[in-house]
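Below, chains carry the letters A, B, ... as their sequence lines are ordered, and counting in each starts from 1.
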There are 2 protein chains.
Amino acid sequence: MDSERPDLGAMVMRLGRRLIAMEEPILERHGVSMWAYVVLTALSGSEGPTRTQAALAQSIGADKTRLIPILDDLQKRGLIEREPDPADRRARLLALTEEGKEKQRAIQKEIRTAENDLLAGNKEKDAFVRALRDLSR
Amino acid sequence: MDSERPDLGAMVMRLGRRLIAMEEPILERHGVSMWAYVVLTALSGSEGPTRTQAALAQSIGADKTRLIPILDDLQKRGLIEREPDPADRRARLLALTEEGKEKQRAIQKEIRTAENDLLAGNKEKDAFVRALRDLSR
DNA sequence: GCTGATGATAAGCGCATGCATATTGACTTG
DNA sequence: CAAGTCAATATGCATGCGCTTATCATCAGC
């Protein structure tokens, strides 16, 4: 292992800033915030209708109080639905609307394209992505 | 390229949080903040005495006004020296003291060990680190 | 010697975040 | 049915951070 490499944390953070800078204009064009996009993506990932909001907050690393206004906004704009769980009416079942799915797919497609451009020049990109998937669990 | 992978940004951020969580107890044990450690590392990297504070802030991705109290603190604790540049007395030459170098090396050593533990189980760690170095420029 | 530019520093504003608490409604258990 | 628990939500507070502006000292060009 190369003992002269910069700290992993420093490199990861640098790359993170770079990716965010790359994504920002795309998200702006679609009129959604970073967190809103993260929520849409999380909901599109879980096939089952939904889990609780607290679990969602946990899974995306957001504070649950911060999630509320984001969900309010997404609901107001018709991108998600919040319906009381028939089995436990305290909980709200979160689900993307068709429009929400559409929007998420459209944004992700653009982001994927931009990411691939970023990776394009790197010979070990496949190994990089595989290792990243593993390490980011 | 696997079109089913999670967003790069999401994975990188997750990993970043994981690394920070890993580093925090180490930094705490040494009594330095994350930013202070980043400053120490940046100064230990540049062999020459120093550049300007604004350039330092830029290079580590910090706001230049935020740097001031951090440098004040590091200086007060004898980890860095700030002397007026004889060539341009507006600027301050920043340099690690012996104690500062020592502290940076000690912290980095622990962090490197923890990083290697994290990477240990991954077969493609070398390719990962190489690609990360490249992509985080 | 003026004048405009640059570096360090200080101070104030605003946003985002996270925490802790209170409230309300609904489920669960004895 | 009463008590206790839990989910969602609202609210207030403190913090950390970045941006902007202002000040002071120094430099560089004219």
Undergrad: Taking the basic N atoms (NZ, or NE/NH1/NH2) and the acidic carboxylate oxygens, is any pair closer than 4.0 Å for Glu124(A) and Arg130(B)?
TA: yes
Undergrad: Would a 4.5 Å heavy-atom cut-off, applied to side chains only, mark Ile68(A) and Gln53(A) as touching?
TA: yes
Undergrad: Do any side-chain nitrogens or oxygens of Arg66(B) fall under 4.0 Å of OP1 or OP2 in dC17(D)?
TA: yes
Undergrad: At under 4.0 Å, does any side-chain N or O of Trp35(B) touch on OP1 or OP2 of dG16(D)?
TA: no
Undergrad: Please work out which residues in residues 68-82 of chain A have a non-hydrogen atom less than 4.0 Å from an atom of DNA chain D and list them by number.
TA: Ile68(A), Arg82(A)
Undergrad: Could you give the CG-to-P distance, from Leu67(A) to dT17(C), as a whole number of Å?
TA: 12 Å
Undergrad: Is it the case that the base of dC6(D) and the side chain of Arg90(A) share a donor-acceptor contact (distance under 3.5 Å, atom types as modelled)?
TA: yes
Undergrad: Go through the structure and list residues passing side chain to side chain contact (heavy atoms under 4.5 Å, CB included) with Val32(B), not counting sequence neighbours.
TA: Leu27(B), Ala36(B), Tyr37(B), Arg77(B), Lys103(B), Ile107(B)
Undergrad: Flag the pair Asp7(A) and Arg112(B) as a salt bridge only when some basic side-chain nitrogen lies within less than 4.0 angstrom of an acidic carboxylate oxygen.
TA: yes
Undergrad: Below the 4.0 Å mark, does dA7(D) have OP1 or OP2 next to a side-chain nitrogen or oxygen of Gln53(A)?
TA: no
Undergrad: Would you call Asp134(B)-Lys125(A) a salt bridge at under 4.0 Å N-O?
TA: no
Undergrad: Any salt bridge linking Glu81(B) with Arg92(B)? Criterion: basic side-chain nitrogen under 4.0 Å from a carboxylate oxygen.
TA: no
